[in-house]
Amino acid sequence: MGRDTIANIITSIRNADMDKKGTVRIASTNITENIIKILLREGFIENVRKHREINKKKLILTLQHRRNKKGSYRTNLNLKQISRPGLRIYSNYQKIPRILGGIGIVILSTSRGIMTDREARLEKIGGEILCYIW
């Protein structure tokens, strides 16, 4: 049984966001670091720190939470995995979907690395659709 690192990232961030936790610890790999850089750049998470445990590297993410006037928390992140190990979804740059009319982002794995849908359209390259975030 193989590991699906993208599903692990998405699930841990979604669970921490629903449980109103401030931080999330995930394993550090090249794919996870690139996806987390995109989330940080787009403003979906506040901060990222690298932490080293015994022979393991971890990323500690600080999530953003919005407070309503009544003091209750509202979740900020909606994540959906698209490609999975059993079914890969590919798209050319002209058919990359727009999430909520361009408010959300699509994370793609292209021949030039992991990037957002806007960057892929500008460079006119397609790739594997990893996940949607809005």
Side-chain angles (χ1 to χ4, degrees):
M1 195 163 136
R3 295 183 189 176
D4 189 8
T5 57
I6 298 167
N8 291 341
I9 297 169
I10 290 172
T11 303
S12 60
I13 291 174
R14 186 185 311 124
N15 288 343
D17 193 43
M18 286 191 307
D19 202 25
K20 299 171 188 73
K21 297 223 178 203
T23 60
V24 181
R25 299 177 100 176
I26 59 172
S28 176
T29 63
N30 288 338
I31 295 172
T32 58
E33 286 183 14
N34 289 332
I35 291 174
I36 297 305
K37 284 178 188 175
I38 289 173
L39 291 175
L40 184 65
R41 187 176 62 222
E42 295 289 328
F44 289 105
I45 58 175
E46 280 184 25
N47 192 10
V48 178
R49 289 183 297 144
K50 289 186 180 182
H51 181 71
R52 185 176 181 106
E53 292 179 359
I54 303 169
N55 296 330
K56 294 181 182 178
K57 294 181 183 177
K58 298 275 185 180
L59 293 174
I60 301 173
L61 312 176
T62 305
L63 301 177
Q64 285 187 344
H65 291 288
R66 294 187 205 163
R67 280 188 173 248
N68 293 340
K69 292 180 181 176
K70 296 178 183 176
S72 63
Y73 282 100
R74 194 176 87 183
T75 58
N76 192 21
L77 257 112
N78 292 312
L79 299 121
K80 182 178 181 185
Q81 182 183 11
I82 303 302
S83 282
R84 49 193 172 93
L87 179 65
R88 305 286 187 186
I89 307 295
Y90 296 95
S91 176
N92 62 7
Y93 77 95
Q94 296 164 338
K95 295 184 180 179
I96 297 173
R98 294 186 189 272
I99 307 303
L100 294 177
I103 295 173
I105 63 170
V106 177
I107 296 181
L108 295 133
S109 176
T110 66
S111 59
R112 295 186 191 155
I114 295 176
M115 59 180 63
T116 64
D117 56 339
R118 291 181 212 112
E119 295 168 349
R121 283 190 197 99
L122 286 175
E123 294 188 23
K124 295 187 178 181
I125 55 174
E128 180 184 354
I129 299 175
L130 299 177
C131 60
Y132 298 156
I133 303 169
W134 70 95

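The model shown is predicted, which means the values in this text are computed figures rather than measured ones.
- Shortest non-hydrogen contact noted between Pro97 and Tyr132 is CG-OH, 3.3 Å.
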Inset, instruction - Just do the side-chain contact (heavy atoms from CB on, under 4.5 Å) check on Leu122 and Glu119 with the steps written out, would you? - result: CA-CA 5 Å; Leu122 286 175; Glu119 295 168 349; 5.7 Å; no

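- Residue Leu40 is not grouped with residue Met115 when hydrophobic side chains (ILVMFWY) are merged at heavy-atom distances under 4.5 angstrom, including chains of intermediate members.
- Residues passing the side-chain hydrogen bond (donor to acceptor under 3.5 Å, both in side chains) test with Arg49, sequence neighbours excluded: none.
- Taking CD1 of Ile99 as the reference point, atom CD1 of Ile133 lies at 10.0 Å (rounded to 0.5 Å).
- Cluster membership check: Trp134 shares its hydrophobic cluster with Ile129, using side-chain heavy-atom separations under 4.5 Å among Ile, Leu, Val, Met, Phe, Trp and Tyr.
- The CD1 atom of Ile105 sits 4.5 Å away from atom CD1 of Ile107, with the distance rounded to the nearest 0.5 Å.
- The list of side-chain hydrogen bond (donor to acceptor under 3.5 Å, both in side chains) pairs with a residue in residues 96-114, not counting sequence neighbours, reads Arg112-Glu123.
- Using a 4.0 Å cut-off between charged side-chain N and carboxylate O, Arg118 and Glu42 make a salt bridge.
- Listed by first and then second residue, the salt bridge (Lys or Arg N to Asp or Glu O under 4.0 Å) pairs involving residues 77-92 are Arg88-Glu128 (not counting sequence neighbours).
- One hydrophobic cluster, built from ILVMFWY side chains closer than 4.5 Å, holds both Ile26 and Ile31.
- Interatomic distance, CD1 of Ile10 versus CD1 of Ile35, reported as 7.0 Å (0.5 Å rounding).
- In terms of modelled atom types and a separation under 3.5 Å, the side chain of Gln81 and the main chain of Ser83 share a donor-acceptor contact.
- Exactly one of Leu77, Val24, Leu79 qualifies for a side-chain contact (heavy atoms from CB on, under 4.5 Å) with Asp17. That residue is Leu77.
- A heavy-atom distance below 4.5 Å is not found between the side chains of Leu59 and Arg25.
- Distance OG1/Thr32 to NZ/Lys58: 10.5 Å, rounded to 0.5 Å.
- The structure places CD1 of Ile36 at 4.5 Å from CG of Leu61, a figure rounded to the nearest 0.5 Å.
- Leu100 and Val106 fall within the same hydrophobic cluster, where Ile, Leu, Val, Met, Phe, Trp and Tyr residues are linked whenever their side-chain heavy atoms come under 4.5 Å apart, directly or through other members.
- In this structure, Ile89 is not a member of the same hydrophobic cluster as Ile125, with clusters built from ILVMFWY side-chain heavy atoms closer than 4.5 Å.
- Crowding of Ile60 atom CD1: a count of heavy atoms from other residues, nucleotides or ligands under 6.0 Å exceeding 12.
- Atoms OG1 and CD1, on Thr23 and Ile45 in that order, are 12.0 Å from each other to the nearest 0.5 Å.
- Closest heavy-atom contact between Ala16 and Leu63: CB-CD1, 3.8 Å.
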